[in-house]
Amino acid sequence: MAADALDDVYQRYLSALIDARLLIPSGVRGLYGLGGVFEGVVEHFEAYVTRMGAHLSPEVMRFPPLLSRDTYGKTDHLETFPNLLGSVHSFLGDERHAMELARRKEAGEDWSKELRAAETVLIPAACYPLYPTATGTLPPGGRTVDLRSFVFRHEPSDDPARMQCFRQREYVRLGTPDEALAHRNFWLTRGEEMLHAVGLDAKPVVANDPFFGRGGRVMAATQREQTLKYELVATVANPDKPTAIVSCNYHLDHFGGAFDIRTADGEVAHTACIGFGLERIALALFARHGFEPARWPAPVRAVLEL
Amino acid sequence: MYAERVREIVSQHGRLSVPVAELADDSDLYQAGLTSLATVGLMLALEDGFDIEFPDNMLSRRTFGSIASLAAAVEQLAAKPVLV
(Lines give C-alpha, C1' and ligand atoms only; values in the text may rest on other atoms or scores of the structure.)
Protein backbone atom coordinates (compact mmCIF):
# COMPACT_ATOMS: atom_id res chain seq x y z
CA MET A 1 0.00 0.00 0.00
CA ALA A 2 1.38 3.42 -0.91
CA ALA A 3 2.23 5.79 1.92
CA ASP A 4 -0.61 8.20 1.09
CA ALA A 5 -3.17 5.41 1.01
CA LEU A 6 -1.80 4.15 4.31
CA ASP A 7 -2.20 7.57 5.89
CA ASP A 8 -5.77 7.53 4.62
CA VAL A 9 -6.46 4.26 6.41
CA TYR A 10 -5.54 5.85 9.74
CA GLN A 11 -7.26 9.15 9.06
CA ARG A 12 -10.43 7.41 7.92
CA TYR A 13 -10.63 5.40 11.14
CA LEU A 14 -9.79 8.51 13.17
CA SER A 15 -12.55 10.51 11.45
CA ALA A 16 -15.05 7.71 12.03
CA LEU A 17 -14.16 7.59 15.74
CA ILE A 18 -14.57 11.35 16.05
CA ASP A 19 -17.87 11.31 14.13
CA ALA A 20 -19.13 8.61 16.51
CA ARG A 21 -18.09 10.78 19.49
CA LEU A 22 -15.83 8.03 20.75
CA LEU A 23 -12.82 10.34 20.48
CA ILE A 24 -12.99 14.07 21.14
CA PRO A 25 -10.27 15.96 19.25
CA SER A 26 -8.17 18.46 21.19
CA GLY A 27 -6.43 20.28 18.37
CA VAL A 28 -3.19 18.45 19.20
CA ARG A 29 -2.30 15.37 17.15
CA GLY A 30 -2.53 12.27 19.29
CA LEU A 31 -4.31 13.94 22.21
CA TYR A 32 -8.00 13.14 22.67
CA GLY A 33 -10.82 13.25 25.10
CA LEU A 34 -12.81 10.04 25.35
CA GLY A 35 -16.57 9.74 25.05
CA GLY A 36 -18.64 7.81 27.56
CA VAL A 37 -19.02 4.74 25.35
CA PHE A 38 -15.25 4.57 24.84
CA GLU A 39 -14.56 5.01 28.54
CA GLY A 40 -17.16 2.38 29.39
CA VAL A 41 -15.31 -0.17 27.27
CA VAL A 42 -12.02 0.76 28.96
CA GLU A 43 -13.61 0.33 32.40
CA HIS A 44 -15.11 -3.04 31.54
CA PHE A 45 -11.85 -4.29 30.05
CA GLU A 46 -9.96 -3.14 33.14
CA ALA A 47 -12.40 -5.02 35.36
CA TYR A 48 -11.74 -8.09 33.18
CA VAL A 49 -8.00 -7.63 33.76
CA THR A 50 -8.64 -7.40 37.49
CA ARG A 51 -10.65 -10.65 37.46
CA MET A 52 -7.99 -12.48 35.46
CA GLY A 53 -5.21 -11.38 37.83
CA ALA A 54 -7.11 -11.85 41.09
CA HIS A 55 -5.52 -15.25 41.79
CA LEU A 56 -2.13 -13.51 42.09
CA SER A 57 -3.40 -11.35 44.97
CA PRO A 58 -1.46 -8.38 43.60
CA GLU A 59 -0.69 -5.31 45.69
CA VAL A 60 -2.65 -2.45 44.15
CA MET A 61 -0.74 0.82 43.82
CA ARG A 62 -1.87 3.94 41.97
CA PHE A 63 0.53 6.74 41.11
CA PRO A 64 -0.03 10.07 39.38
CA PRO A 65 1.51 10.28 35.90
CA LEU A 66 4.50 12.20 37.24
CA LEU A 67 7.87 11.09 38.49
CA SER A 68 10.52 12.96 40.46
CA ARG A 69 13.22 14.34 38.19
CA ASP A 70 15.86 12.79 40.46
CA THR A 71 14.26 9.35 40.14
CA TYR A 72 13.97 9.77 36.40
CA GLY A 73 17.72 10.45 36.30
CA LYS A 74 18.39 7.00 37.75
CA THR A 75 16.80 5.36 34.70
CA ASP A 76 18.37 5.55 31.25
CA HIS A 77 15.18 6.78 29.60
CA LEU A 78 16.79 10.14 28.77
CA GLU A 79 19.63 8.38 26.95
CA THR A 80 17.45 5.84 25.15
CA PHE A 81 14.19 7.71 24.38
CA PRO A 82 15.02 11.47 24.53
CA ASN A 83 12.58 12.11 21.66
CA LEU A 84 9.60 10.77 23.66
CA LEU A 85 10.29 12.64 26.91
CA GLY A 86 7.86 15.00 28.58
CA SER A 87 9.26 17.30 31.27
CA VAL A 88 7.27 19.61 33.54
CA HIS A 89 8.37 23.23 33.54
CA SER A 90 6.90 26.04 35.59
CA PHE A 91 7.42 29.68 36.35
CA LEU A 92 9.79 30.27 39.23
CA GLY A 93 10.45 34.00 38.86
CA ASP A 94 9.32 37.16 40.66
CA GLU A 95 6.61 39.63 39.79
CA ARG A 96 8.80 41.67 37.48
CA HIS A 97 9.75 38.50 35.64
CA ALA A 98 6.07 37.54 35.43
CA MET A 99 5.40 40.79 33.58
CA GLU A 100 7.92 39.70 30.96
CA LEU A 101 6.19 36.32 30.72
CA ALA A 102 2.85 38.03 30.08
CA ARG A 103 4.42 40.48 27.63
CA ARG A 104 5.85 37.61 25.60
CA LYS A 105 2.46 35.90 25.49
CA GLU A 106 0.77 39.14 24.48
CA ALA A 107 3.33 39.70 21.72
CA GLY A 108 2.92 36.16 20.42
CA GLU A 109 6.50 35.31 21.37
CA ASP A 110 7.75 32.04 22.86
CA TRP A 111 6.95 32.55 26.56
CA SER A 112 8.17 29.08 27.47
CA LYS A 113 11.71 30.48 27.48
CA GLU A 114 10.86 32.13 30.80
CA LEU A 115 10.10 28.78 32.46
CA ARG A 116 12.38 26.56 34.49
CA ALA A 117 12.39 22.80 35.04
CA ALA A 118 10.10 21.81 37.92
CA GLU A 119 10.60 18.79 40.17
CA THR A 120 8.86 16.32 37.88
CA VAL A 121 8.81 14.62 34.51
CA LEU A 122 5.88 12.78 32.91
CA ILE A 123 6.05 9.01 33.25
CA PRO A 124 6.69 7.05 30.05
CA ALA A 125 5.33 3.78 31.52
CA ALA A 126 3.01 3.00 34.41
CA CYS A 127 5.61 0.95 36.28
CA TYR A 128 8.29 3.68 36.53
CA PRO A 129 7.01 5.19 39.81
CA LEU A 130 7.00 1.75 41.44
CA TYR A 131 10.72 0.97 41.31
CA PRO A 132 12.07 3.77 43.54
CA THR A 133 9.53 2.73 46.20
CA ALA A 134 10.83 -0.85 46.05
CA THR A 135 14.47 -0.06 46.93
CA GLY A 136 15.64 -2.53 49.56
CA THR A 137 14.99 -6.22 50.10
CA LEU A 138 11.94 -8.00 48.69
CA PRO A 139 10.00 -10.47 50.82
CA PRO A 140 10.63 -14.17 50.09
CA GLY A 141 8.74 -15.00 46.89
CA GLY A 142 9.05 -11.41 45.65
CA ARG A 143 6.18 -9.06 44.92
CA THR A 144 3.43 -8.74 42.33
CA VAL A 145 2.06 -5.23 41.87
CA ASP A 146 -1.03 -3.98 40.03
CA LEU A 147 -0.56 -0.53 38.48
CA ARG A 148 -2.50 1.78 36.23
CA SER A 149 -1.71 5.28 35.08
CA PHE A 150 -1.85 7.67 32.21
CA VAL A 151 1.56 7.77 30.55
CA PHE A 152 3.07 10.28 28.14
CA ARG A 153 5.10 9.78 24.98
CA HIS A 154 5.76 12.67 22.64
CA GLU A 155 5.01 11.20 19.24
CA PRO A 156 2.33 13.27 17.47
CA SER A 157 0.48 11.14 14.93
CA ASP A 158 -2.76 10.83 12.99
CA ASP A 159 -2.90 7.14 13.82
CA PRO A 160 -5.62 7.06 16.49
CA ALA A 161 -3.77 4.18 18.18
CA ARG A 162 -0.66 6.32 18.64
CA MET A 163 -1.76 8.66 21.40
CA GLN A 164 0.58 11.00 23.22
CA CYS A 165 -1.22 10.34 26.50
CA PHE A 166 -2.86 7.00 27.25
CA ARG A 167 -3.39 4.48 30.02
CA GLN A 168 -1.44 1.36 30.82
CA ARG A 169 -2.71 -1.28 33.20
CA GLU A 170 0.19 -3.39 34.43
CA TYR A 171 1.04 -6.39 36.53
CA VAL A 172 4.68 -6.09 37.57
CA ARG A 173 6.70 -8.89 39.13
CA LEU A 174 9.79 -8.22 41.22
CA GLY A 175 11.80 -11.26 42.28
CA THR A 176 14.34 -13.81 41.11
CA PRO A 177 15.16 -14.26 37.41
CA ASP A 178 12.96 -17.37 37.34
CA GLU A 179 10.04 -15.59 39.00
CA ALA A 180 10.25 -12.61 36.65
CA LEU A 181 10.52 -14.75 33.51
CA ALA A 182 7.68 -17.04 34.63
CA HIS A 183 5.47 -13.97 35.14
CA ARG A 184 6.27 -12.63 31.68
CA ASN A 185 5.58 -16.00 30.08
CA PHE A 186 2.42 -16.67 32.06
CA TRP A 187 0.93 -13.33 31.02
CA LEU A 188 2.00 -13.69 27.41
CA THR A 189 -0.19 -16.79 27.22
CA ARG A 190 -2.96 -15.51 29.48
CA GLY A 191 -3.04 -12.16 27.66
CA GLU A 192 -3.45 -13.82 24.27
CA GLU A 193 -6.28 -16.00 25.63
CA MET A 194 -7.97 -12.94 27.10
CA LEU A 195 -7.87 -11.08 23.79
CA HIS A 196 -9.12 -14.11 21.84
CA ALA A 197 -12.01 -14.39 24.30
CA VAL A 198 -13.17 -10.91 23.31
CA GLY A 199 -12.93 -11.72 19.61
CA LEU A 200 -9.60 -10.08 18.78
CA ASP A 201 -7.19 -11.77 16.33
CA ALA A 202 -4.26 -11.17 18.68
CA LYS A 203 -0.97 -12.98 18.25
CA PRO A 204 2.40 -12.71 20.00
CA VAL A 205 5.41 -11.27 18.18
CA VAL A 206 8.99 -10.67 19.32
CA ALA A 207 9.36 -6.92 19.59
CA ASN A 208 11.74 -4.14 20.50
CA ASP A 209 11.35 -0.75 22.09
CA PRO A 210 11.75 2.22 19.72
CA PHE A 211 15.19 3.20 20.99
CA PHE A 212 16.37 6.56 19.72
CA GLY A 213 18.72 7.05 16.82
CA ARG A 214 21.14 4.78 14.96
CA GLY A 215 22.68 3.61 18.19
CA GLY A 216 19.19 2.58 19.18
CA ARG A 217 19.25 0.01 16.39
CA VAL A 218 21.96 -1.91 18.22
CA MET A 219 19.90 -1.79 21.38
CA ALA A 220 16.81 -2.94 19.51
CA ALA A 221 18.72 -5.81 17.88
CA THR A 222 20.07 -6.83 21.28
CA GLN A 223 16.62 -6.77 22.83
CA ARG A 224 15.23 -8.92 20.03
CA GLU A 225 18.11 -11.42 20.17
CA GLN A 226 17.46 -11.87 23.87
CA THR A 227 13.66 -12.08 23.25
CA LEU A 228 13.07 -9.75 26.19
CA LYS A 229 9.98 -8.09 24.74
CA TYR A 230 6.89 -9.61 23.22
CA GLU A 231 3.86 -7.74 21.99
CA LEU A 232 0.37 -9.02 21.38
CA VAL A 233 -0.65 -7.42 18.12
CA ALA A 234 -4.13 -7.11 16.65
CA THR A 235 -5.83 -5.24 13.85
CA VAL A 236 -6.85 -1.68 14.67
CA ALA A 237 -6.99 0.74 11.74
CA ASN A 238 -4.86 -1.14 9.22
CA PRO A 239 -5.43 -4.85 8.54
CA ASP A 240 -2.01 -5.04 6.83
CA LYS A 241 -0.14 -3.71 9.84
CA PRO A 242 -1.38 -5.00 13.20
CA THR A 243 -0.95 -2.77 16.24
CA ALA A 244 0.64 -3.72 19.56
CA ILE A 245 -2.12 -3.63 22.18
CA VAL A 246 -0.40 -5.56 24.98
CA SER A 247 3.29 -5.69 25.85
CA CYS A 248 5.05 -8.40 27.90
CA ASN A 249 8.53 -7.48 29.02
CA TYR A 250 11.37 -9.10 30.91
CA HIS A 251 13.67 -6.29 32.13
CA LEU A 252 16.45 -8.56 33.50
CA ASP A 253 18.11 -6.58 36.35
CA HIS A 254 17.65 -3.25 34.57
CA PHE A 255 15.41 -1.68 37.24
CA GLY A 256 16.62 -3.89 40.10
CA GLY A 257 20.14 -2.59 39.56
CA ALA A 258 19.18 1.05 38.99
CA PHE A 259 17.08 1.19 42.18
CA ASP A 260 18.99 -1.30 44.35
CA ILE A 261 16.13 -3.77 44.68
CA ARG A 262 17.29 -7.07 46.20
CA THR A 263 15.74 -10.50 46.53
CA ALA A 264 15.46 -12.10 49.97
CA ASP A 265 18.73 -13.89 49.13
CA GLY A 266 20.49 -10.58 48.58
CA GLU A 267 20.76 -10.87 44.79
CA VAL A 268 19.85 -7.98 42.50
CA ALA A 269 16.15 -8.42 41.70
CA HIS A 270 14.88 -9.08 38.21
CA THR A 271 11.60 -7.56 37.04
CA ALA A 272 8.99 -8.24 34.39
CA CYS A 273 5.67 -6.70 33.46
CA ILE A 274 2.62 -7.10 31.32
CA GLY A 275 1.13 -3.84 30.15
CA PHE A 276 -2.36 -3.61 28.68
CA GLY A 277 -2.70 -0.58 26.39
CA LEU A 278 -6.25 0.25 27.43
CA GLU A 279 -7.13 2.79 24.74
CA ARG A 280 -5.58 0.63 22.02
CA ILE A 281 -7.52 -2.42 23.20
CA ALA A 282 -10.74 -0.39 23.08
CA LEU A 283 -9.82 0.83 19.58
CA ALA A 284 -9.21 -2.76 18.47
CA LEU A 285 -12.58 -3.81 19.92
CA PHE A 286 -14.37 -0.97 18.12
CA ALA A 287 -12.59 -1.86 14.88
CA ARG A 288 -13.53 -5.54 15.25
CA HIS A 289 -17.09 -5.35 16.57
CA GLY A 290 -18.34 -1.90 15.58
CA PHE A 291 -18.98 1.31 17.49
CA GLU A 292 -21.99 0.11 19.50
CA PRO A 293 -21.03 -2.24 22.35
CA ALA A 294 -24.74 -3.03 22.82
CA ARG A 295 -24.57 -4.83 19.45
CA TRP A 296 -21.31 -6.71 20.06
CA PRO A 297 -21.49 -10.53 19.93
CA ALA A 298 -23.09 -12.05 23.04
CA PRO A 299 -19.99 -14.06 24.07
CA VAL A 300 -17.85 -10.90 23.97
CA ARG A 301 -20.44 -8.97 25.98
CA ALA A 302 -20.53 -11.82 28.47
CA VAL A 303 -16.74 -11.88 28.94
CA LEU A 304 -16.62 -8.11 29.41
CA GLU A 305 -19.80 -8.15 31.54
CA LEU A 306 -21.17 -5.39 29.32
CA MET B 1 45.82 -3.94 12.07
CA TYR B 2 42.91 -2.05 13.65
CA ALA B 3 42.66 -4.16 16.80
CA GLU B 4 45.02 -2.04 18.92
CA ARG B 5 43.19 1.21 18.22
CA VAL B 6 39.81 -0.53 18.67
CA ARG B 7 41.06 -1.87 21.99
CA GLU B 8 41.97 1.67 23.07
CA ILE B 9 38.51 3.01 22.15
CA VAL B 10 36.76 0.09 23.86
CA SER B 11 38.83 0.86 26.94
CA GLN B 12 37.74 4.52 26.91
CA HIS B 13 34.07 4.10 25.96
CA GLY B 14 33.03 0.51 26.67
CA ARG B 15 32.48 0.98 30.43
CA LEU B 16 33.39 -2.69 30.93
CA SER B 17 33.47 -4.36 34.31
CA VAL B 18 36.96 -5.81 33.67
CA PRO B 19 40.12 -4.08 32.37
CA VAL B 20 40.35 -4.32 28.59
CA ALA B 21 43.99 -5.43 28.94
CA GLU B 22 42.71 -8.68 30.48
CA LEU B 23 40.57 -9.48 27.43
CA ALA B 24 41.60 -11.47 24.39
CA ASP B 25 40.64 -10.12 20.97
CA ASP B 26 37.90 -12.75 20.75
CA SER B 27 36.60 -12.37 24.34
CA ASP B 28 32.85 -11.70 24.59
CA LEU B 29 32.47 -8.00 25.37
CA TYR B 30 28.91 -8.47 26.62
CA GLN B 31 30.19 -11.05 29.10
CA ALA B 32 32.77 -8.43 30.08
CA GLY B 33 29.98 -6.02 31.03
CA LEU B 34 29.28 -4.13 27.80
CA THR B 35 25.73 -2.77 28.13
CA SER B 36 23.51 -1.93 25.21
CA LEU B 37 23.65 1.72 26.24
CA ALA B 38 27.48 1.70 26.33
CA THR B 39 27.37 0.11 22.88
CA VAL B 40 25.87 3.33 21.54
CA GLY B 41 28.74 5.42 22.96
CA LEU B 42 31.24 2.91 21.64
CA MET B 43 29.70 3.02 18.17
CA LEU B 44 29.88 6.81 18.04
CA ALA B 45 33.49 6.82 19.31
CA LEU B 46 34.55 4.24 16.70
CA GLU B 47 32.86 6.26 13.97
CA ASP B 48 34.67 9.41 15.08
CA GLY B 49 37.98 7.63 15.64
CA PHE B 50 38.11 5.97 12.22
CA ASP B 51 35.99 8.44 10.25
CA ILE B 52 33.55 5.70 9.29
CA GLU B 53 29.81 5.17 9.51
CA PHE B 54 28.28 1.84 10.47
CA PRO B 55 25.50 0.89 8.02
CA ASP B 56 22.25 -0.36 9.53
CA ASN B 57 22.98 -4.00 8.72
CA MET B 58 26.11 -3.88 10.89
CA LEU B 59 24.36 -2.36 13.90
CA SER B 60 23.94 -5.72 15.59
CA ARG B 61 25.05 -7.46 18.73
CA ARG B 62 27.39 -9.62 16.66
CA THR B 63 29.38 -6.63 15.38
CA PHE B 64 29.93 -5.34 18.90
CA GLY B 65 30.52 -8.77 20.45
CA SER B 66 34.34 -8.73 20.55
CA ILE B 67 37.38 -6.59 19.80
CA ALA B 68 38.10 -8.90 16.84
CA SER B 69 34.61 -8.50 15.34
CA LEU B 70 34.81 -4.73 15.80
CA ALA B 71 38.26 -4.58 14.20
CA ALA B 72 36.97 -6.62 11.26
CA ALA B 73 33.99 -4.28 10.87
CA VAL B 74 36.21 -1.20 11.05
CA GLU B 75 38.62 -2.68 8.52
CA GLN B 76 35.77 -3.38 6.13
CA LEU B 77 34.36 0.12 6.47
CA ALA B 78 37.70 1.93 6.40
CA ALA B 79 38.86 0.08 3.30
CA LYS B 80 37.32 2.61 0.95
CA PRO B 81 38.89 2.86 -2.49
CA VAL B 82 41.30 5.78 -2.64
CA LEU B 83 40.63 8.07 -5.56
CA VAL B 84 43.63 9.85 -7.08
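In the text below, chain A, chain B and the rest are named by the order of the sequence lines, each starting its count at 1.
With salt bridges taken as basic N to acidic carboxylate O contacts below 4.0 Å, none links A:Glu192 and A:Lys203.
Interface summary for chain B: among A:Thr80, A:Val218, A:Asp76, the most heavy-atom pairs under 4.5 angstrom belong to A:Val218.
Both tests pass for A:Arg169 against the ring of A:Tyr171: distance under 6.0 Å to the centre and angle within 45° of the axis.
Note: A:Phe150 and A:Phe166 fail the aromatic proximity criterion, with ring centroids not under 6.0 Å apart.
Around CD of A:Glu225, the count of heavy atoms belonging to other residues, nucleotides or ligands within 6.0 Å exceeds 12.
Only the side chain of B:Phe64 has a heavy atom closer than 4.5 Å to any heavy atom of chain A. Heavy atoms of B:Glu47 lying under 4.5 Å from chain A belong exclusively to its side chain.
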